[in-house]
Trainee: 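Before I ask anything, let me first share the structure, which is written out below as structure tokens.
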Amino acid sequence: MKVIKTINEMRKLTIEMSGTVGFIPTMGYLHHGHLSLVRLAKKKNDHVVVSIFVNPKQFQPNEDFASYPRDTEKDLQLLQDANIDAVFLPNVSEMYPENFATYITIESLSKKLEGKSRPGHFQGVATIVAKLFNIIQPQQAYFGQKDAQQVVIMKKMVSDLQFPVEIVVGPTIREQDGLAMSSRNVYLSEKERKEATILFQSLKLAEELIRKGERNPVSVKKEMNDFIKKSVGVVDYISLADPDTLDEVENIKKNTLVSLAVFFGKTRLIDNIVVHSV
Ligand code: PAJ
């Protein structure tokens, strides 16, 4: 496995690799969610490249860029074991030299859901992923359903800017008790970690209500909210939206993206499921 730190070196490898390249962008501190995407990419491609880059541009000034968990040594070991071709591990000045001034904004979609609570977040995500696509030139790029809005936005960017990249979506990988795996789970205290299962449980509650015939999103949100209030979690938002447009639904008709963000102390966790109502 090659460990590559400069854009020049990465570009050289891009040219050398014959056949298809599957690419998984990450911010490191890898867990089974990331590794499941690596496995999917390995099945479908001749070569697999993973990037590890904690992207400062997608963090708000009040967020956790400085304290975001990092363990490069362990990450490299996990990727070595997964038998991939290369890890791209640039530093901040390599990706954003002084006077960097070009940003990608996906209008409208970026302002909804996560975008409301984290303005500028998706501009940072789109800008770094576009740069990585240009450097690595994959045929397929793998993203997790865990970040449902990120998937929708990546698909829109690729389509609007004609990137010759297929966005492949992997399912959300969960701990045994249902908590979606996330690098940020490490921030949780023992009590918070136990209670963080409330996110998935509240999503399951929504699913059950919809399956039983509830069609009013306001009622579903209220039930979820009341349920979460029993924990130490503080709801940031609960949304029932169209999975493609991310617009809030007024009537639960077909597929609905049920998503939420909940604070446990300073730690903000997100999760989602798509409920198919018939
Ligand atoms: P990061 O949070 O490291 O996630 C990298 C990829 O792993 C994303 O596509 C994310 O959706 C996926 N992922 C995370 N947890 C998962 C889980 N429990 N199950 C399945 N997939 C999971 O998302 C980012 O980094 C960044 O925004 C990035 C795209 C790298 C741009 O900086």
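For ligands, and for the atoms within them, numbers begin at 1 and follow the listed sequence. Computed from a predicted model, the values in this text were never measured in an experiment. Numbering starts at 1 and runs along the sequence shown.
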Trainee: Taking Thr197 for the side chain and Leu179 for the main chain, is one N or O donor matched with an acceptor at less than 3.5 Å?
Mentor: no

Trainee: In the protein, what heavy atom is nearest to atom 2 (O) of ligand 1, and what distance, to one decimal place, separates them?
Mentor: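 Answer for atom 2 (O) of ligand 1: Tyr68 OH, 4.1 Å.
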
Trainee: Which heavy atom of the protein is the closest neighbour of atom 21 (N) of ligand 1, given with residue, atom name and distance?
Mentor: Gly144 CA, 3.5 Å

Trainee: Numbering the atoms of ligand 1 from 1, which are under 4.0 Å from a heavy atom of Met181?
Mentor: 15 (N), 16 (C), 17 (C), 18 (N)

Trainee: Does any non-hydrogen side-chain atom of Phe264 lie less than 4.5 Å from one of Ser189?
Mentor: no

Trainee: Taking only heavy atoms of Thr26 into account, list the atoms of ligand 1 that are under 4.0 Å away from them.
Mentor: 3 (O), 5 (C), 30 (C)

Trainee: Which of the listed options, Gln145, His34, Met27, His31, holds the heavy atom that is closest to atom 15 (N) of ligand 1?
Mentor: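 It is His31 that holds the nearest heavy atom.
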
Trainee: Is a side-chain N or O of Glu248 found less than 3.5 angstrom from the main chain of Leu240, in a donor-acceptor match?
Mentor: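 Answer holds: yes.
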
Trainee: Around atom 10 (C) of ligand 1, find the nearest protein heavy atom and jot down its residue, atom name and distance.
Mentor: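 The closest heavy atom on the protein side is Asp147 OD2, 3.1 Å.
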
Trainee: Provide the closest heavy-atom pair for Lys57 versus Phe100 in the form atom of the first, atom of the second, distance.
Mentor: CE-CD2, 4.2 Å

Trainee: What side-chain donor-acceptor pairs closer than 3.5 Å can you find for residues 152-169, not counting sequence neighbours?
Mentor:
from, atom 1, to, atom 2, distance (Å)
Lys156, NZ, Asp160, OD1, 3.2
Glu166, OE1, Gln140, NE2, 2.9

Trainee: If you look at every heavy atom in Ile210 and Val258, which pair is closest and at what distance?
Mentor: CD1-CG2, 4.5 Å

Trainee: Is it true that Phe133 and Ile84 fall in one hydrophobic cluster, defined by side-chain heavy atoms closer than 4.5 Å?
Mentor: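 Different hydrophobic clusters.
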
Trainee: Ile128 heavy atoms, cut-off 4.0 Å: which ligand 1 atoms fall inside?
Mentor: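 Those atoms are 31 (C), 32 (O).
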
Trainee: Would you say the side chain of Ile104 lies within less than 4.5 Å of the side chain of Gln123, judging by non-hydrogen atoms?
Mentor: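 Answer no - side chains too far apart.
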
Trainee: Determine, considering heavy atoms only, which of Gln150, Lys57, His32 sits nearest to atom 28 (C) of ligand 1.
Mentor: Gln150

Trainee: Of all the atoms in ligand 1, which lie at a distance below 4.0 Å from a heavy atom belonging to Thr172?
Mentor: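 In order of number, 19 (N), 20 (C).
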
Trainee: Report all side-chain donor-acceptor pairs from residues 225-235 shorter than 3.5 Å, counting only partners two or more places apart or in another chain.
Mentor:
from, atom 1, to, atom 2, distance (Å)
Asp226, OD2, Lys222, NZ, 2.7
Ser231, OG, Ile228, O, 2.8
Ser231, OG, Gly233, N, 3.0

Trainee: So which heavy atom in the protein is nearest atom 26 (C) of ligand 1, and how far is it from that ligand atom?
Mentor: Gln58 NE2, 3.6 Å

Trainee: Considering only protein heavy atoms, which is closest to atom 19 (N) of ligand 1, and at what distance to one decimal place?
Mentor: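 The closest one turns out to be Ile173 N, 2.8 Å.
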
Trainee: Thr20 vs Asn45, test: side-chain hydrogen bond (donor to acceptor under 3.5 Å, both in side chains). Steps then yes/no.
Mentor: CA-CA 5 Å; Thr20 61; Asn45 293 275; 3.3 Å; yes

Trainee: With backbone taken as N, CA, C and O and side chain as the heavy atoms from C-beta onward, which portion of Ile24 lies under 4.0 Å from ligand 1: side chain, backbone, both, or neither?
Mentor: neither

Trainee: Judged on heavy-atom distance to atom 20 (C) of ligand 1, which of Gly28, Ser36, Pro171 sits nearest?
Mentor: Pro171

Trainee: Among protein heavy atoms, which lies nearest atom 5 (C) of ligand 1, and at what distance?
Mentor: Pro25 O, 3.4 Å

Trainee: Can you name the atoms of ligand 1, numbered from 1 with element, that are less than 4.0 Å from a heavy atom of Phe143?
Mentor: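 This gives 9 (O), 29 (C) as the contact atoms.
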
